[in-house]
Amino acid sequence: MINITLPDGAVRQYESGTSALDIAKSISEGLARKVLAASVDGQVWDANRPITADANLKLLTWNDTDGQMTFWHSSAHLMAEAVESMFPGVKFWVGPALESPKGFYYDMDLGDRKMTEDDLAALEKKMNELAKQNSSYVRKELSKAEAVQYFTEKGDEYKLDLLSGLADGEITFYTQGNFTDLCRGPHIPNTGLIKAVKLTSIAGAYWKGDEKNKQLTRVYGVTFPSQKELDEHLAMLEEAKKRDHRKLGKELSIYTMSDDVGPGLILWMPNGTVIIEELEKLAKETELEAGYKRVVTPHIAKESMYLTSGHLPYYADSMFPPMEMDGEKYYLKAMNCPHHHKIFDAEPKSYRDMPYRIAEYGTCYRYEQSGELFGLMRVRCLHMNDAHIYCTKEQFAQEFKAVNDMYLKYFKIFGIEKYVMRLSLHDPEKLGQKYVNEPELWLETEDLVRKVLIETGVPFVEVKGEGAFYGPKIDVQIWSAIGREFTLATNQVDFAQSRSFKLSFTNQNNEPEIPLIIHRAPLGTHERFIGFLLEHYAGKLPLWLAPVQVKVLPISDKFLDYAKSVSDKLKKADIRSEVDDRNEKIGKKIRDTELLKVPYMLVVGEKEMTENKVAVRRQGKGDLGVKDVEQFLNEVVAEMKERRSE
RNA sequence: GCCGUUGUAGCUCAGUGGUAGAGCACUUCCUUGGUAAGGAAGAGGUCAAGGGUUCAAUUCCCUUUAACGGCUCCA
C-alpha cells in the first residue's frame with residue numbers, strides 16, 4: 001500500500017500502481033471525468049501513469065495552467081495524427097503547448113508537398129473524428145538504442161536529432177490511435193476529452209530557429225474541452241482586435257501610410273501630431289527637471305563615423321544604403337549616439353561637467369526587414385525619446401537609477417502596469433562577434449546594473465544574449481493587443497563607444513579619464529509608444545492626450561452661434577475644442593462623437609443658451625448634468641494640467 | 001529576407017471570363033429634432049501595378065508591389 005497526500009492534507013491509502021485517475025474515481029466520477037493530468041510530488045504526470053510510492057498528489061484539471069498545457073500538448077499529437085493520415089510520410093519536429101497565445105503548434109517537414117489554409121478545415125474535421133475514437137495516450141519507455149533503431153528505420157532525421165540530445169533511460173514514446181511519437185509527455189488520459197478544435201494559422205518556421213536551416217511548416221491551433229469555451233476564446237480574440245492600434249489609428253485618424261512614400265514610413269495626421277506634441281512636452285519638462293540639456297543633430301553622417309562607432313560592422317544590413325557625395329559615403333542615421341558623442345567631444349570636459357546629459361527627439365532610419373514591419377510598432381523611420389548621459393564610474397549607479405526612476409514616473413502617469421523589466425546580458429560565446437570583446441567590463445557593468453535593479457525594487461528577468469553590442473541594458477517588454485512582444489523602452493550601458501570615440505574628461509587629479517555612457521529612451525519612440533498607448537487605452541486617450549478634447553453639440557442650428565462662442569472660450573484656454581455644426585439630430589451627433597472617443601461632449605440648446613451653461617457628457621459615461629461654462633472650463637484645465645488618466 | 005494569405009469606392013466588405021455592387025462616410029435638398037443612427041436625391045472605382053492566355057480578363061496564369069499571420073532579425 002502507498003500513502004497519497006492530497007492538497008488539503010488528507011492522506012489516503014491505495015494499492016501500489018494505482019493511477020491518479022483511479023484515485024480521482026475513488027473520490028468522485030465527476031472529478032475523474034475532468035482530470036487531465038496530475039502533479040505527483042510537484043512533477044506533472046500522466047493521469048493514468050501508475051504511482052508506486054508515497055506521494056503528494058494534486059489532480060490537474062482545466063482550471064490549472066499545467067492541466068491546460070497538457071491538454072494542448074496532447075492536442076498537438078492529435079493534430080499530428082490527423083496530418084499523418086492526410087500527408088503520409090510527413091516528418092515531425094516538435095509540437096509544444098503555448099501559454100500566450102493560447103494553444104499549440106507542431107513543426108513538420110512535408111517534403112515536396114505544400115499545406116495551404118484550405119487544408120486546415122479538413123484537418124480540423126479529421127481531428128474531431130479522431131478525438132471521438134476516444135483513444136488513450138499510452139506511455140512507453142524505450143532504451144536509446146531501440147529508439148535510434150526505430151527512427152533510423154523510419155528515416156526520420158528530425159527525431160534522431162532530438163534523440164542525440166537525450167540520455168538513455170529518459171526516453172519515452174507516446175501512442176494514441178495510429179500515431180506514435182518520441183515525447184517526454186505528459187499527456188491527457190484520452191483524445192475524447194478534446195471536444196472543440198480550431199486550427200488558426202499555417203506558417204513557415206526555420207528548423208531550430210536558425211534561418212540558415214530548412215524552413216519547416218508550422219501549424220498553429222487551439223483546442224478546448226467544450227465548444228462553448230472555444231466560442232468564448234474566439235470572441236475574446238475578436239475583442240482584442242478592436243484594440244489593435246492599426247484599426248484604431250485608422251478610425252481615429254491618427255496616422256496613415258502610402259505606397260508612394262514607402263513601407264514602414266509613417267505619415268502622422270493632425271490628430272496623431274497632437275499626441276506627439278503632448279508627449280514631447282512631457283519629455284521636455286521631465287528632462288529639464290532632471291538636468292538634461294537639449295540638442296539637435298542632422299539626419300545623416302559620413303561612413304567614417306559609423307566605422308568609428310562600431311555600428312557599421314554590426315548593422316550595415318539594417319541601415320539604408322549610403323548616398324555618395326563628393327567622394328564620401330553618407331548614411332541616414334540609424335541611431336543618435338555618434339552625433340551626440342561629437343557634441344560631448346566638441347569642448348574639453350572636466351569632472352565638474354559630469355554627468356553631462358544631452359537629449360533629443362532624434363529621427364532615425366532603420367531598414368527593417370520587410371516581413372518585420374508592423375503598424376506603428378515596427379517602422380523604418382522612428383522618432384526616439386533619446387538621451388545620452390556621460391558620467392564617471394562613481395556617478396554611474398546613481399545616474400542609472402535616476403533613469404530607472406524616470407521610467408517608473410512615466411509608467412505611473414500612463415497607468416502602465418503590465419510589463420516585464422528584462423536585464424539583457426551578453427553571451428560570452430559571442431564576444432568579439434556580436435559583442436565587443438571586453439569580458440571583464442561586461443561582467444563589471446552587468447553587475448552594476450543588476451545592483452541598481454535590485455535597489456529599485458522592480459522585479460526583473462535576466463536574459464543572456466540580448467545585450468547591445470556595446471554593453472548590457474534594461475529593456476521594458478510589453479505586449480501588443482494581439483499578443484506580440486515588444487521592447488517599449490530601454491536603458492543601456494555603454495563602455496565601448498567612449499573608447500572608440502576617444503572621449504574623455506579631466507578628473508580631479510588632472511588626468512584624462514574615460515566616461516561611461518548611458519543610452520536611454522524611457523518613452524521609446526513616438527511610433528511604438530503611441531501604438532502602445534492606443535492599445536493600452538483602447539483608443540480612449542486621457543484628456544491631456546486626446547486630439548480633440550471637447551466637442552460642442554448644438555441641439556439644432558438655432559444654437560450654433562452659442563456653441564461657437566462656448567468653443568471659442570475653451571480654445572482661448574488652450575483646450576482643443578470643436579463644434580459639430582452638421583445638420584443632424586442630437587442623437588446622431590452624440591453617437592458619432594462617442595465613436596471618435598472625444599472625452600467631453602457639451603450639449604447646448606435653448607436652456608443652456610439662456611442660462612449661459614453647458615450640458616456635460618463624458619465619453620463612455622454619459623450625461624454628467626448641466627454646469628456653468630466657467631466651472632466646466634476650470635475643471636477641464638485642471639484635469640489636463642495634472643495629466644489625469646481618469 | 002523566408003513560408004502562407006490577401007489587395008474591388010474614403011471605410012467595412014459582396015460579386016463576376018462579356019468593361020462593377022451594398023452599408024457607412026461625403027455633397028445637395030427636406031427636416032430644427034434634448035443624450036448612441038430622421039428622410040430623399042446625387043457624386044464617387046484604370047477592380048494594387050506590369051505582362052501573358054483569350055474574340056473578350058477585375059475574374060485564369062506569371063512577375064512586381066503592399067498589407068496581414070508566423071519564422072528570422074531588432075543598435
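Everything numeric in this text was worked out from a predicted model, so none of it was measured.
- Rounded to whole Å, the P atom of U6(B) lies 13 Å from the corresponding atom of G15(B).
- Using cut-offs of 30° and 60° on the angle between ring planes, the pair His526(A) and His383(A) is tilted.
- Counting to the nearest Å, the C1' atom of C74(B) and the CD1 atom of Ile478(A) are 14 Å from each other.
- The Ile202(A) side chain lies nearest to G4(B) when the options are G70(B), A66(B), G4(B).
- Nucleic acid contact class of Gly209(A) (heavy atoms, under 4.0 Å, all strands): sugar-phosphate only.
- Distance from the side chain of Ala615(A) is smallest to U35(B) among G69(B), C30(B), U35(B).
- Using atom C1' as the reference point in both A57(B) and G17(B), the two lie 7 Å apart (nearest Å).
- Here Ala468(A) lies in heavy-atom contact (under 4.0 Å) with sugar-phosphate atoms only.
- Because its NZ or CZ atom is not both nearer than 6.0 Å to the ring centre of Phe486(A) and within 45° of the ring axis, Arg528(A) does not count as a cation-pi partner of that residue.
- For Lys588(A) and A36(B), the shortest distance from a side-chain N or O to OP1 or OP2 is not below 4.0 Å.
- To the nearest whole angstrom, the two P atoms, one in G42(B) and one in U5(B), are 42 Å apart.
- Atom P of nucleotide A37(B) and atom CE of Met601(A) are separated by 13 Å, given to the nearest angstrom.
- A donor-acceptor contact under 3.5 Å links the side chain of Tyr206(A) to the base of G1(B).
- Look at CZ on Phe559(A): it is 14 Å from P on U35(B), rounded to the nearest Å.
- In terms of modelled atom types and a separation under 3.5 Å, the side chain of Arg618(A) and the main chain of Leu624(A) share no donor-acceptor contact.
- Per the geometry, CZ belonging to Phe374(A) stands 8 Å off P belonging to G70(B), to the nearest Å.
- Figure legend: cation-pi geometry between Arg380(A) and Tyr365(A) absent, as NZ or CZ is not positioned both under 6.0 Å from the six-membered ring centre and within 45° of its axis.
- Side chain Thr593(A) to base A36(B): no donor-acceptor pair is found below 3.5 Å.
- Each of His519(A), His388(A), His426(A) was evaluated against Tyr470(A); a single residue qualifies, His519(A), per the ring pair (Phe, Tyr, Trp, His ring centres under 6.0 Å) test.
- Looking at the side chain of Met335(A), the nearest of the listed nucleotides G70(B), G34(B), A75(B) is A75(B).
- Residue contacts for Asp259(A): at a heavy-atom cut-off of 4.0 Å it reaches the sugar-phosphate backbone alone, with no base atom in range.
- Taking side-chain N and O atoms only, Arg484(A) has a distance below 4.0 Å to OP1 or OP2 of G69(B).
- You'll find that the side chain of Arg246(A) is closest to G69(B), out of G69(B), A36(B), U32(B).
- Considering only side-chain N and O atoms, Arg218(A) lies nowhere under 4.0 angstrom from the phosphate OP1 or OP2 of C3(B).
- For the side-chain contact (heavy atoms from CB on, under 4.5 Å) with Phe400(A), the qualifying choice from Ile389(A), Leu448(A), Thr445(A), Val449(A) is Val449(A), the only one to do so.
- When only modelled atom types and interatomic distance are considered, Thr297(A) and Lys342(A) share no side-chain donor-acceptor pair under 3.5 Å.
- Looking at heavy-atom distances under 4.0 Å, Arg378(A) makes contact with a base.
- Taking the P atom of each, G4(B) and U64(B) are spaced 13 Å apart, rounded to whole Å.
- Contact annotation for Gly375(A): backbone-only contact, meaning every heavy-atom pair under 4.0 Å involves sugar-phosphate atoms and none involves a base.
- Across A75(B), A36(B), G33(B), the shortest atom-to-atom separation from the side chain of Arg591(A) is found for A36(B).
- Taking only distance into account, the side chain of Gln215(A) meets the base of C2(B) through a donor-acceptor pair shorter than 3.5 Å.
- Of the candidates U5(B), G33(B), A66(B), the closest approach to any side-chain atom of Pro263(A) belongs to A66(B).
- One atom, CG of Leu199(A), and another, P of G70(B), lie 15 Å apart when rounded to the nearest Å.
- Rounded to whole Å, the separation between the P atoms of U27(B) and A66(B) comes to 34 Å.
- Residue Leu373(A) is classed as a sugar-phosphate contact, given heavy-atom separations below 4.0 Å to backbone atoms only.
- Judged by closest nucleotide on RNA chain B, Pro554(A) is the one of Pro554(A) and Glu594(A) placed further toward the 5' end.
- Nucleotides A22(B) and A9(B) have their C1' atoms positioned 11 Å apart, rounded to a whole Å.
- Note on Lys434(A): only backbone sugar-phosphate atoms sit closer than 4.0 angstrom, heavy atoms only; bases stay farther off.
- Between the C1' atoms of U53(B) and C68(B), the separation comes to 30 Å (whole Å).
- Between the C1' atoms of C26(B) and A67(B), the separation comes to 26 Å (whole Å).
- In this structure, CH2 of Trp207(A) is placed 18 Å from C1' of C3(B), rounded to the nearest angstrom.
- Nucleic acid contact for Ala203(A): base, since at least one base atom lies under 4.0 Å from a heavy atom of the residue.
- Within 4.0 Å of Ile586(A), counting heavy atoms only, lie sugar-phosphate atoms of the nucleic acid but no base atom.
- When all heavy atoms are compared, the tightest approach of Pro522(A) to Ala489(A) is O-CB, 3.2 Å.
- Aromatic stacking is not marked for Phe469(A) over A75(B), as the cut-offs of 5.5 Å for the centres and 30° for the planes do not both hold.
- Rounding to the nearest 0.5 Å gives a distance of 6.0 Å between CG of Asp427(A) and OH of Tyr435(A).
- Side chain of Glu535(A) to main chain of His245(A): a donor-acceptor pair is present (N/O by atom type, distance under 3.5 Å, no hydrogens or angles).
- Counting atom types as modelled, Glu608(A) pairs a side-chain N or O with a base atom of G34(B) as donor and acceptor under 3.5 Å.
- Residue Lys214(A) is out of contact with every strand shown, counting any heavy-atom pair closer than 4.0 Å.
- Not a single donor-acceptor contact under 3.5 angstrom links the side-chain atoms of Arg582(A) to the base of A25(B).
- Looking at heavy-atom distances under 4.0 Å, Leu216(A) makes no contact with the nucleic acid at all.
- Counting any heavy atom pair closer than 4.0 Å across all strands shown, Tyr314(A) reaches no nucleic acid atom.
- For U12(B), the OP1/OP2 oxygens have a side-chain nitrogen or oxygen of Lys250(A) closer than 4.0 Å.
- Within 4.0 Å of Glu251(A), counting heavy atoms only, lies no atom of the nucleic acid at all.
- The separation between Glu584(A) atom CD and C29(B) atom C1' is 13 Å, rounded to whole Å.
- Toward the 5' end of RNA chain B, the nearer of the two residues Lys247(A) and Glu485(A), judged by each one's closest nucleotide, is Lys247(A).
- Within the nucleic acid shown, Ser370(A) comes within 4.0 Å of at least one base atom, counting heavy atoms only.
- Taking atom CG on Asp592(A) and atom P on A36(B), their separation rounds to 12 Å, with Å as the unit.
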